[in-house]
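FYI, side chains are in, hydrogens and waters are out, and symmetry mates aren't considered; it's all heavy atoms of this structure.
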Amino acid sequence: MIERLDPQPRSSAVVKHNGVAYLCGQVGEGPTVTDQTIETLRRVEALLVEAGSSREKILRAEIWLADMADFAEMNAVWDSWVPAEHAPARACGEAKLARAELKVEIIITAAYD
């Protein structure tokens, strides 16, 4: 069975299937990469909870930065957010994001009970 949380015409916030929750890409507001990453991860965590999951159950993270020069700044926030011994498989790349003011977007796949 496939379950869609907050389905919209273009995408759902989360799609759940066979014990895996697929979160749509999350972005945050703020002037800096630090601010945006904190807000993005806050939104990710809220969706994980809604899906019956948690930070400890993240399987994979895909991170897009508007500028790879911000890699260390984003990682400082990420590293303090990921629970010890629960780091997911992860990829990070540079991409032109949907709006010019966006600096980071994070896409998460997680297990749920």
Minimum side-chain heavy-atom gap Cys24-Ile107 below 4.5 Å: no
Side-chain heavy atoms of Pro83 within contact of Arg55, under 4.5 Å: yes
Could you give the distance from OG1 (Thr37) to CG (Asp35), rounded to the nearest 0.5 Å? 8.5 Å
What about Phe71 and Ile106, same hydrophobic cluster or not, with Ile/Leu/Val/Met/Phe/Trp/Tyr joined at side-chain heavy-atom distances under 4.5 Å? yes
Smallest heavy-atom separation, Ser53 atom then Tyr112 atom, equals CB-CB, 4.1 Å
Inter-residue atom distance Cys92.SG - Glu62.CD, 0.5 Å rounding: 10.0 Å
Pair Gln36-Ile38, side chain to side chain contact (heavy atoms under 4.5 Å, CB included): steps then yes or no: CA-CA 5 Å; Gln36 288 191 20; Ile38 289 168; over 6 Å; no
Using a strict 4.0 Å threshold on nitrogen-to-oxygen distance, state whether Arg43 and Glu45 make a salt bridge. no
Determine whether Pro88 and Val82 make a side-chain contact, defined as any pair of heavy atoms from C-beta on separated by less than 4.5 Å. yes
Transitive ILVMFWY side-chain link Leu102 to Leu41, under 4.5 Å: no
Decide whether Val14 and Leu59 are clustered together by the hydrophobic rule: side chain heavy atoms of Ile, Leu, Val, Met, Phe, Trp, Tyr closer than 4.5 Å, transitively. no
Less than 4.5 Å apart, any side-chain heavy atom of Val104 and any of Trp64? no
Evaluate the side-chain proximity of Leu97 to Val27: yes if any heavy-atom separation is below 4.5 Å, no if none is. no
Less than 4.0 angstrom from a charged side-chain N to a carboxylate O is my criterion; do Glu39 and Arg42 meet it? yes
Strictly by modelled atom types, are Glu73 and Thr34 linked by a side-chain donor-acceptor pair under 3.5 Å? yes
Residue pair Leu48 / Leu23, side-chain heavy-atom distance below 4.5 Å: yes
Could you tell me whether Lys16 sits above the aromatic face of Tyr22, with NZ or CZ closer than 6.0 angstrom to the six-membered ring centre and within 45 degrees of the axis? no
Between Trp78 and Ala61, which heavy-atom pair has the shortest distance, and what is it? CH2-CB, 3.5 Å
Given side chains that start at C-beta, do those of Glu3 and Val15 come closer than 4.5 Å, heavy atoms only? no
Would a hydrophobic clustering, with Ile, Leu, Val, Met, Phe, Trp and Tyr connected at side-chain separations under 4.5 Å, put Ile108 with Met74? yes
Output for pair (Asn75 CG, Ile63 CD1), nearest 0.5 Å, gives 7.0 Å
Arg99/Glu105 ion pair, N-O < 4.0 Å: no
Is the number of heavy atoms from other residues, nucleotides or ligands within 6.0 Å of CZ (Arg90) greater than 12? yes
Does this structure show an ion pair linking Asp113 with Lys57, if we count only N-O contacts that are shorter than 4.0 Å? yes
Run the side chain to side chain contact (heavy atoms under 4.5 Å, CB included) check on Lys103 and Leu65 step by step: do they pass? CA-CA 6 Å; Lys103 300 175 184 299; Leu65 296 171; over 6 Å; no
